[in-house]
Every structure is written in C-alpha cells, then in structure tokens.
> 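First the structure, which I've put down as structure tokens, then a few questions once you've had a look.
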Amino acid sequence: MTDPSTAHATVQTAVRTALSTQRIETPSWGYGNSGTRFKVFAQPGVPRDPWEKIADAAKVHEFTGVAPSVALHIPWDTVDDYAALAKYAEEHGIALGTVNANVFQDDAFMLGSVTHPEAAVRRKAVDHLFACVDVMDAIGSRDLKLWFSDGTNYPGQDDIRERQDRLAEALSTVYDRLGRDQRLLLEYKLFEPAFYSTDVPDWGTAYAHCLKLGDKAQVVVDTGHHAPGTNIEFIVATLLREGKLGAFDFNSRFYADDDLMAGAADPFQLFRIMYEVVRGGGLTPDIAFMLDQCHNIEAKIPAIIRSVMNVQEATAKALLVDRDALAAAQRSGDVLDANAVLMDAYNTDVRPLLAEVREGMGLAPDPIAAYRRSGWQEHIAAARVGGTQAGWGA
C-alpha cells in the first residue's frame with residue numbers, strides 16, 4: 001500500500017516541475033500604447049520600435065522565468081533585418097515566437113481581406129500572409145496566427161457561403177506555403193468589427209477549416225472572443241480531445257473583447273479552463289500559451305507580469321485537483337463531492353507554492369516587487385524620450 005505522505009510528496013514534486021517548466025508567450029503589442037475605441041493614453045517609457053519591445057519582454061522573463069518568447073505582429077513589428085532582431089532577442093535571453101498577421105488595418109480591406117469580393121484584394125491579403133511566413137523563416141518561428149476581421153454588416157451585403165469558399169481557398173494557399181515544422185493557427189471571434197455576419201465567428205467554423213487543411217492547422221482559443229455565458233472549458237476539452245487545440249490567447253473580458261489582464265475578470269473561469277488543459281494533457285509545447293492584451297490605463301510591464309502570474313496561479317490550482325477523488329465522486333454520481341473537489345483546489349492559496357518554485361529557479365518570490373526594485377521603469381521613462389511611441393491611434 002502506498003504511503004499517503006509519499007504520494008503527496010510525489011504530487012508536489014510533479015506540480016513544482018510543471019510550474020517551473022511552463023511557458024507563456026507575451027505579445028509585442030502589449031508593451032505599446034493602446035486604448036479604448038475612443039482614446040489612447042500614452043505613458044512614459046513606452047517602446048518606440050520592436051527592439052525596445054523585446055527589451056521590455058526580456059524584463060518580464062527575467063522576473064517570472066516562464067516567459068521566454070515574444071510574439072510579433074506584422075506590420076507593427078516590421079524591421080529591415082529579422083535575423084538581426086532574432087539575434088538581439090537571443091542576446092536578451094528570449095526568443096521571437098508566434099508571427100501574427102494583420103489584414104485588418106489596410107483601407108483595401110474595408111469589405112474583407114481573404115474573403116473580399118474582389119480577387120485583387122484577396123491576392124493582396126494572401127501576399128501579406130506569405131510575407132509573414134517569410135518572417136517566420138527568417139526568425140525560426142513555428143506558428144503563424146491568423147485572425148480575420150472579415151464579415152458583413154448588413155443582410156445581403158455579400159454571399160455568406162461564397163465568403164467561406166474564398167476563406168478556404170486562401171487558407172489552403174497559405175497552408176501549402178508553410179514549412180515542414182510550421183503551423184497555421186486559426187483564431188475565431190464572435191463579432192467585431194463585422195456586426196451581421198463574421199466569417200470565422202466560432203470554434204466550430206475554425207475547427208472545420210483546420211480539419212480540412214490538415215495536421216499543421218490548429219485552432220486558437222482567445223478567452224475574450226465568446227458570447228456571455230459561453231462554456232469555454234467545454235470548447236477547450238473538445239478541441240484537445242480532437243487534437244486540434246493549438247494555442248491560447250489569454251485575456252479577460254466583462255462585456256466583449258476587452259483584452260484585460262488574464263484572470264482579472266473571472267479567475268474561476270481561468271482555473272476551469274486550465275483544469276481541462278491539465279486533464280487533457282495540454283501542458284505541452286504543442287499548446288502555445290500566449291497573452292493577447294492591451295493595457296490602457298495600467299503600466300504595461302507590471303500588467304504583463306501580473307497576467308503571467310495569474311496564469312501560473314490558475315495552472316497551479318488546476319494541477320492540485322485530486323483527480324482520483326474527483327473521478328470517484330463522478331462515478332458514484334455524488335454531485336456535491338465532485339464539485340467540492342474542484343472548489344477545494346480552487347480555494348487553495350497557491351502563492352506560497354509559486355514563491356517556492358520561483359526561489360528554486362533562482363528568482364525573487366514576488367516578481368512585481370522585484371520589478372519595481374529593479375528601476376527599469378524609471379530607466380525607460382528617462383531614456384525613451386522623443387520619437388514615436390509604438391501603438392495604435394484612436
């Protein structure tokens with residue numbers, strides 16, 4: 001018979017190992033200025049170019065130990081020499097990760113990009129996606145993430161079925177351009193900016209296209225891209241079961257795609273999602289965990305550090321679920337006990353555990369406090385004067 005204390009020690013060791021090896025990618029655009037639909041609030045020290053974004057991302061990794069890569073957004077992060085940018089990131093202790101395409105800010109794409117009625121506009125969009133794959137080749141990136149704002153605002157504006165045909169054709173063309181070890185990650189979003197019909201509005205549409213494309217096409221779950229009340233953990237469980245979950249974009253929402261700090265609005269939801277990830281064997285490099293956030297009124301770097309910590313806490317709680325006890329309660333139909341097992345894990349204060357994990361990695365137990373002591377915020381505020389801050393206008 002197994003000694004309970006030995007079993008507990010084994011579980012604790014496994015949890016510590018999983019937490020110390022977890023990887024969370026940060027978004028380059030999260031370090032720039034962003035805002036509401038009405039106003040962007042500039043902050044001192046905001047990066048002015050991709051190089052300064054990388055320097056900030058390196059600081060997040062320095063204090064968390066689990067954010068070793070930064071995602072790029074093209075053309076927001078366009079440079080003349082991507083190999084040099086990758087080397088610069090390496091010198092700062094991180095790597096360049098997912099390449100995000102942007103086919104939603106060109107005037108030509110007002111009526112759509114890859115689903116536009118005009119072939120010339122669709123060709124322009126595909127050319128941009130090809131250029132993004134070229135960037136991937138230059139920096140050694142595995143993942144191309146695609147989100148399309150394509151859709152219609154009014155009934156009859158365009159043929160809904162034909163738009164799906166155009167989408168499928170474009171995705172197939174880009175898929176064929178990928179290298180052997182590269183992937184296409186397809187993101188979905190319920191609405192916005194298209195208000196009548198969105199061409200990739202839900203996980204089912206994304207899944208159907210990825211299924212047809214092949215093994216190198218996977219679905220991205222953005223936690224802010226669903227209707228209120230949507231059971232996101234069900235979607236996660238289903239995509240994991242089908243082998244089609246490729247990545248997460250973590251953020252929080254109260255109403256729509258708010259892009260608030262992960263775990264800020266509904267930490268219990270983030271825990272439930274991470275439990276399904278753990279349950280489905282999703283804590284692997286095959287699932288890209290990334291933040292997709294825009295920090296409007298809060299300081300950028302501390303907000304990203306806090307988001308990383310929130311994902312870590314949700315993961316720790318998910319790893320602490322007594323799965324044997326849960327399975328027993330489920331088999332016996334004991335509804336209350338089954339729920340209690342989950343709630344016991346969720347209500348556990350995992351901050352001391354994570355502090356121990358960080359100290360074991362040679363890090364300060366409190367990343368936010370360590371960042372504030374570092375003086376980096378004061379340094380960049382003084383050094384980054386003049387020029388044009390990165391971000392988007394409103």
Side-chain angles (χ1 to χ4, degrees), residues 13-28 54 57-58 60-62 64-72 86 89-90 92-100 132-133 135-146 175 178-187 206-207 210 213-223 233 235-250 262 270 273-292 304 307-316 318-319 354 357-358 360-361 363:
T13 298
V15 169
R16 285 176 168 81
T17 300
L19 292 172
S20 63
T21 57
Q22 185 176 30
R23 297 293 177 258
I24 302 167
E25 189 164 274
T26 67
S28 68
I54 288 172
V60 173
H61 182 50
E62 177 182 336
T64 64
V66 296
S69 63
V70 58
L72 299 183
E90 182 180 0
H92 281 70
I94 62 173
L96 303 182
T98 304
V99 173
N100 293 256
C132 289
V133 180
V135 174
M136 295 169 64
D137 293 340
I139 66 176
S141 174
R142 179 187 66 173
D143 294 339
L144 171 68
K145 191 194 300 176
L146 305 179
Y175 186 89
L178 295 175
R180 182 182 63 183
D181 298 322
Q182 293 174 334
R183 305 191 304 176
L184 182 156
L185 302 178
L186 183 58
E187 188 174 351
Y207 172 76
C210 289
L213 287 169
D215 294 339
K216 295 189 297 183
Q218 301 274 58
V219 179
V220 179
V221 174
D222 185 306
T223 51
E233 56 268 32
I235 299 170
V236 170
T238 301
L239 289 173
L240 276 170
R241 181 174 180 270
E242 297 298 325
K244 278 297 182 183
L245 179 63
F248 281 98
D249 277 358
F250 284 121
L270 183 57
I273 290 170
M274 290 310 303
Y275 172 71
E276 292 302 333
V277 170
V278 171
R279 163 70 179 81
L283 283 183
T284 73
D286 291 334
I287 311 296
F289 296 92
M290 201 193 83
L291 305 178
D292 180 13
I304 293 177
S307 297
V308 170
M309 293 170 65
N310 288 349
V311 175
Q312 287 182 294
E313 290 182 17
T315 304
L319 288 165
L354 282 163
V357 169
R358 293 183 187 113
M361 298 168 65
L363 303 170

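In what follows, residues are counted from 1 in the order of the sequence shown.
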> Just verifying a value: how many Å separate F250 CZ and M290 CE, rounded to the nearest 0.5 Å?
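It is 10.5 Å, given to the nearest 0.5 Å.
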> List the residues meeting salt bridge (Lys or Arg N to Asp or Glu O under 4.0 Å) with E313, not counting sequence neighbours, and say none if there are none.
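For E313 there are no salt bridge (Lys or Arg N to Asp or Glu O under 4.0 Å) partners, ignoring immediate neighbours.
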> Atom CG of L184 and atom CG of L146: how far apart are they, to the nearest 0.5 Å?
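Atom-to-atom, L184:CG and L146:CG are 4.5 Å apart.
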> For I94 versus A67, what's the shortest heavy-atom pair and its separation?
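Of all heavy-atom pairs spanning I94 and A67, the closest is CG2-O, 4.1 Å.
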> Would you call T315 and F289 a side-chain contact if the rule is heavy atoms closer than 4.5 Å?
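The answer is no, as the side chains (C-beta and beyond) never meet within the 4.5 Å cut-off.
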> Is the shortest side-chain heavy-atom distance between K145 and D143 below 4.5 Å?
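Contact flag for K145/D143 side chains = no.
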> Quick check for you: to the nearest 0.5 Å, what is the distance between C210 atom SG and L186 atom CG?
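Answer rounded to 0.5 Å: 4.5 Å.
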> Tell me whether Q218 contacts the main-chain N or O of R183 through its side chain, where contact means a donor paired with an acceptor under 3.5 Å.
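Absent.
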> Please list, chain by chain and in numerical order, all residues satisfying salt bridge (Lys or Arg N to Asp or Glu O under 4.0 Å) with D137, sequence neighbours excluded.
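D137: salt bridge (Lys or Arg N to Asp or Glu O under 4.0 Å) contacts with R177.
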> Just how far is it from atom CG of D215 to atom CG of L213, taken to the nearest 0.5 Å?
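Taking CG in D215 and CG in L213, the distance rounds to 10.5 Å.
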> Of all the heavy-atom pairs spanning D222 and E187, show the shortest one and how long it is.
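In terms of heavy atoms, the two residues are closest at OD2-OE2, 3.2 Å.
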> Between I54 and L96, is any pair of side-chain heavy atoms under 4.5 Å apart?
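Yes, close enough: below the 4.5 Å cut-off.
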> Where is the tightest heavy-atom contact between G97 and E25, given as atom of each residue plus distance?
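Heavy atoms only, the tightest pair is CA-OE1, 3.3 Å.
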> Would you call I287 and L240 a side-chain contact if the rule is heavy atoms closer than 4.5 Å?
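Yes, at least one pair of side-chain atoms sits under 4.5 Å.
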> Give, for atom CG of L185 and atom CG of L144, the distance between the pair rounded to the nearest 0.5 Å.
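One finds 7.5 Å between CG of L185 and CG of L144.
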> Specify the closest pair of heavy atoms between K216 and Y175, including all atoms of both residues, with the distance to one decimal.
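That would be N-OH, 3.0 Å.
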> More than 12 foreign heavy atoms under 6.0 Å from CD of E90: is that the case here?
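At most 12 heavy atoms, drawn from other residues, nucleotides or ligands, come within 6.0 Å of this atom.
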> For residues L72 and N100, determine if any side-chain heavy atom of one lies less than 4.5 Å from a side-chain heavy atom of the other.
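Side-chain contact under 4.5 Å: no.
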> Is atom CZ of R16 surrounded by more than 12 heavy atoms (other residues, nucleotides or ligands) closer than 6.0 Å?
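Yes, CZ of R16 has more than 12 neighbouring heavy atoms, counting only those of other groups under 6.0 Å.
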> If you take all heavy atoms of V70 and S28, which pair is closest and at what distance?
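Taking V70 first and S28 second, the nearest heavy atoms are CG2-N, 3.7 Å.
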> Measure across V220 and F248 and return the closest heavy-atom pair with its distance rounded to 0.1 Å.
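Minimum heavy-atom contact is CG1-C, 4.4 Å.
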> If we ignore hydrogens and angles and just use 3.5 Å, is the side chain of K244 paired with the main-chain N or O of T238 as donor and acceptor?
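No: the side chain of K244 does not pair with the backbone of T238.
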> Go through it in stages, so that I can follow the logic: the residues are L363 and T64, the test is side chain to side chain contact (heavy atoms under 4.5 Å, CB included), and I'd like the CA-CA distance, side-chain angles, deciding distance and then a yes or no.
CA-CA 7 Å; L363 303 170; T64 64; 5.8 Å; no
> I need the T26 OG1 to D292 CG distance, nearest 0.5 Å.
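Going from the OG1 atom of T26 to the CG atom of D292 covers 11.5 Å.
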> Using a 4.5 Å cut-off on heavy atoms from C-beta on, say whether the side chain of M274 contacts that of L283.
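The answer is yes; the side chains approach within 4.5 Å.
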> Is there side-chain contact between E233 and R279, with heavy atoms separated by less than 4.5 Å?
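Answer no - side chains too far apart.
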> Could you check whether any side-chain heavy atom of V311 comes within less than 4.5 Å of a side-chain heavy atom of V66, counting everything from C-beta outward?
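In short, these two side chains do not touch, never coming nearer than 4.5 Å.
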